[in-house]
Engineer: 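Just dropping this structure here.
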Amino acid sequence: MPHPLSAFVRLLLRAYPRHLRQREADVLEAACLECLARERRRLGRVGAAYACGRLIADTLAAAILLRADERRRRRVARTHVPPSAPKEIPMTRLWQDVRYAARRLQRAPVFSLAVIATLALTIGATTAVFTVVNAVLLRALPYRDPGRLVLLQEGFPQMMFGFSPPDYVAFEARAGFFDSIAAYRNREYELSGVEPPERVTVTRASATLFDTLGVRPAVGRAFTREDDEAGRPVAVLSDALWARTFGRDPAAIGRSILLDRQPYTIAGVMPRGFTFPQRGPILNNVPADVYVPIAFTAAERRGFGSMYNNSVVARLKAGVTPAQADADTRALVRSNARELYPADLSGLAEAIVASALPLTEEVTGRSRTLLWVALAAIGFVLLIACADIASLMLARAMGRERELAVRSALGAGRGRLIRQLLAESSVLAVAGSTLGLALAVWLSRALVALAPPTLPRLHENGLDGRILLFTAALTAVTALLCGILPALELSRPRGEALKEGARVSSGQRERRIFGALVAAQLAIAVVLLVGGGLLLRSFSKLMAVDPGFRAERVLTLATSLPAQAYRDAASVRGFYARLVDDVSQVPGVSAVGASTELPLDVRERRG
């Protein structure tokens, strides 16, 4: 049955804070009742009364102190935010990983220098080849909206060449699907009246050429349609010729120069970097030093079936696709030929065809496969280097097995360990790519010097934002390829490495990884060797072909004569007869000959 004083004790305990009563009520009640019972047994009713008084006094005093402490804690909790552990900034952790990786690499200088040198060579070579690919294939042609420019050709199904003057005149008058159209052709001229005189490439062009390309002279003016129709002797210089002949003097505008000993007035100068024609097309593919009006003569305008040496460039109207322009060009050329060609050329009129292809494709299309194959080949070499470096890093990292096991036991997660290991490959890749970028500048210049002159747009080779972005991406990929396998393998849980006396050794899994890396290197190397072997075999067979003549100890030179000084065939034959006779008198010359073409020489118009 309940104790007679239980109600009294419970009422007294209500002075304590609620959370204390809820947690300790039974214990406190039992303790108070035990105290009252003990004093009653010892002193009787007097002891019971004394115990009740003392219990009331002590309980009230303790309750006051407890409630005061409770209010103080609440007040402090409202006004004070307890300090939290400082958050670790990601960039700080990354910087710590990089510093630690750099210190470890400093303790292995031979390994570090070998890896950095390997990456510098491979990344530098890859970037150098990409620099050429970027200049030739990826950069837009230096004209306004080059995607709307097309190159027109006439010819036969198996052989395409240029337009004849009467074909061009008729086509220009009826081609309503182009915004503008221009004809041009190249020829070498003797430039005199300046110091030093030289032979230059001159492009005779329609007055609409610069409007079609969307480029205006930087100094002076272009020649006009009136200049073209009247055959006025005006000239527009390239920036390169202006620089080397006149030192970029603006006063050169209005001065006269002699082209094939005929005076031409300088009307303007094209902007720096402007190049036309571009190398790449079959016909008229040598960048010009001087531009003059094409000025078709009356005889040229009547020359149906001849003089197919005029290239034609056109700008598409808005909304017209290259495919539509190609179909319309074919139809219009065929219609003009049937309507305008003389009766004795009716067979030619029925056989002639035409095409309209994007100018970019005509300039770069013949070089595209070669350059992409070269970039792929050097990329395979980089992959071999990455596999080799990954093997070295994995072998080196095996010695850190116990260190990484300790880090994992102390709480480092697998992601933290992978990041630390990747930091080492990243430091090596950044150092290698920095040196490789400097090496790429020199290698790209060497490639330009060694490349054949027919490769287009090599003069535009140079560093730009795309190349820097490519190098940065190559650095990231290289760091990942070199470091991801060691990082994944060494970050696996390895509790046995913490055992006393445990030895660090490569197991079956590591041996499989090494084997896979070696197999990958071997497979890529075999692909490169087979490709290189086939190339050498083809080159060897080509060099073994008997051309029918002996080229050893044979020198050649090319020359052309100014038309104004050599107006007829007799004067031309007389010049070459004297030239052959004079050259035959030179000591050491055993034989001399003259020809319009050299053996195996492929003329532009042949395709």
Engineer: Are side-chain heavy atoms of F246 and L241 found at a separation under 4.5 Å?
Structural biologist: no

Engineer: Which heavy-atom pair separates C386 from L481 by the least distance, and what is that distance?
Structural biologist: CB-CB, 4.1 Å

Engineer: For the atom pair CG (L437) and OG1 (T131), what is the distance rounded to the nearest 0.5 Å?
Structural biologist: 8.0 Å

Engineer: Does A252 offer a backbone N or O that forms a donor-acceptor pair with the side chain of W242 under 3.5 Å?
Structural biologist: no

Engineer: Keeping the roles fixed (side chain from D464, backbone from I467), state whether a donor-acceptor pair exists under 3.5 Å.
Structural biologist: yes

Engineer: Taking all non-hydrogen atoms of both residues, which atom of A182 and which atom of T212 are closest, and how far apart?
Structural biologist: CB-OG1, 4.1 Å

Engineer: Please examine the side chains of R187 and D260, heavy atoms only from C-beta on, and report whether any two atoms are closer than 4.5 Å.
Structural biologist: yes

Engineer: For T203 and N186, test the side chains for any donor-to-acceptor distance below 3.5 angstrom and give the result as yes or no.
Structural biologist: yes

Engineer: Which heavy atom of A385 sits nearest a heavy atom of T118, and at what distance?
Structural biologist: CB-CG2, 3.9 Å

Engineer: Check the pair Y168, I181 against side-chain contact (heavy atoms from CB on, under 4.5 Å), reporting the backbone distance first and the verdict last.
Structural biologist: CA-CA 10 Å; Y168 168 73; I181 182 173; 4.0 Å; yes

Engineer: Are the side chain of N310 and the backbone N or O of A183 linked by a donor-acceptor pair below 3.5 Å?
Structural biologist: no

Engineer: Can you confirm whether R244 sits close enough to D289 that some side-chain heavy atom of one is under 4.5 Å from a side-chain heavy atom of the other?
Structural biologist: yes

Engineer: Does the side chain of V292 come within less than 4.5 Å of Y264's, by heavy atoms?
Structural biologist: yes

Engineer: For R225, does the CZ atom have more than 12 heavy-atom neighbours from other residues, nucleotides or ligands under 6.0 Å away?
Structural biologist: no

Engineer: Are the side chains of I257 and I266 in touch, meaning some heavy atoms are under 4.5 Å apart?
Structural biologist: yes

Engineer: In terms of heavy-atom contacts, does CZ of R144 have more than 12 from other residues, nucleotides or ligands at under 6.0 Å?
Structural biologist: yes

Engineer: R457 vs R279, test: side-chain contact (heavy atoms from CB on, under 4.5 Å). Steps then yes/no.
Structural biologist: CA-CA 7 Å; R457 308 185 67 191; R279 296 190 182 275; over 6 Å; no

Engineer: Can F210 and Y291 be said to form a ring pair (Phe, Tyr, Trp, His ring centres under 6.0 Å), step by step?
Structural biologist: CA-CA 10 Å; F210 302 120; Y291 304 87; 5.6 Å; yes

Engineer: Is any side-chain heavy atom of I116 closer than 4.5 Å to one of L435?
Structural biologist: yes

Engineer: Give a yes or no on this: more than 12 heavy atoms of other residues, nucleotides or ligands lie within 6.0 Å of atom CZ of R445.
Structural biologist: no

Engineer: Passes ring pair (Phe, Tyr, Trp, His ring centres under 6.0 Å), F163 versus F171? Steps please.
Structural biologist: CA-CA 9 Å; F163 276 62; F171 186 86; 5.6 Å; yes

Engineer: Quick check for you: to the nearest 0.5 Å, what is the distance between R216 atom CZ and L213 atom CG?
Structural biologist: 11.0 Å

Engineer: For R174, does the CZ atom sit with more than 12 other heavy atoms under 6.0 Å from it, leaving out its own atoms?
Structural biologist: yes

Engineer: Would you find a donor on one side and an acceptor on the other, under 3.5 Å apart, between the side chain of T127 and the backbone of G124?
Structural biologist: no

Engineer: Donor-acceptor pair, S206 side chain versus L209 backbone, under 3.5 Å?
Structural biologist: no

Engineer: For the pair T321 (side chain) and Q324 (backbone), establish whether a donor and an acceptor sit closer than 3.5 Å, ignoring hydrogens and angles.
Structural biologist: yes

Engineer: For the residue pair P146 and A140, what are the closest heavy atoms and their distance?
Structural biologist: CG-CB, 4.0 Å

Engineer: Compare all side-chain heavy atoms of V219 with those of M270 and state whether any distance is below 4.5 angstrom.
Structural biologist: no

Engineer: Show your reasoning for whether side-chain contact (heavy atoms from CB on, under 4.5 Å) applies to L141 and F276.
Structural biologist: CA-CA 10 Å; L141 293 175; F276 191 85; over 6 Å; no

Engineer: Out of curiosity, L151 CG to N284 CG, how far, rounded to the nearest 0.5 Å?
Structural biologist: 9.5 Å

Engineer: To the nearest 0.5 angstrom, please state how far the CG atom of N461 sits from the CG atom of L455.
Structural biologist: 10.0 Å

Engineer: Could you tell me whether the side chain of S444 and the main chain of V441 form a donor-acceptor pair under 3.5 Å?
Structural biologist: yes

Engineer: Rounded at 0.5 Å granularity, tell me how far CG in L357 sits from CD in E361.
Structural biologist: 7.5 Å

Engineer: Salt-bridged, R315 to D211, with N to O below 4.0 Å?
Structural biologist: no

Engineer: If you compare all heavy atoms of G162 against all heavy atoms of E154, which two are closest, and at what distance to 0.1 Å?
Structural biologist: O-CB, 3.5 Å

Engineer: Side chain to side chain donor-acceptor pair (under 3.5 Å), that's the test. Do R466 and N134 meet it? Break it down for me.
Structural biologist: CA-CA 8 Å; R466 185 184 287 115; N134 178 57; 2.6 Å; yes

Engineer: Got a donor-acceptor contact below 3.5 angstrom from the D326 side chain to the A356 backbone?
Structural biologist: yes

Engineer: Taking the side chain as every heavy atom from C-beta outward, state whether T265 and R255 have any pair of such atoms under 4.5 Å apart.
Structural biologist: no

Engineer: For Y184, is there any backbone N or O sitting under 3.5 Å from a side-chain donor or acceptor partner on R204?
Structural biologist: no

Engineer: Do Y341 and L348 pass the side-chain contact (heavy atoms from CB on, under 4.5 Å) test, and can you show the C-alpha distance, the side-chain angles, and the key distance before you say yes or no?
Structural biologist: CA-CA 8 Å; Y341 274 36; L348 177 62; 3.7 Å; yes

Engineer: Quick one: pull up OG in S180 and CD in E172 and give me the separation to the nearest 0.5 Å.
Structural biologist: 9.5 Å

Engineer: Say whether, by atom type as modelled, one donor and one acceptor occur between the side chain of R366 and the main chain of E362 under 3.5 angstrom.
Structural biologist: yes

Engineer: Go through it in stages, so that I can follow the logic: the residues are Y143 and Q278, the test is side chain to side chain donor-acceptor pair (under 3.5 Å), and I'd like the CA-CA distance, side-chain angles, deciding distance and then a yes or no.
Structural biologist: CA-CA 11 Å; Y143 314 123; Q278 294 278 354; 3.2 Å; yes

Engineer: Might you point out which heavy atoms bring P277 and A288 nearest each other, and give the distance in Å?
Structural biologist: CD-N, 3.8 Å

Engineer: Between E226 and R232, does any side-chain N to carboxylate O distance fall below 4.0 Å?
Structural biologist: no

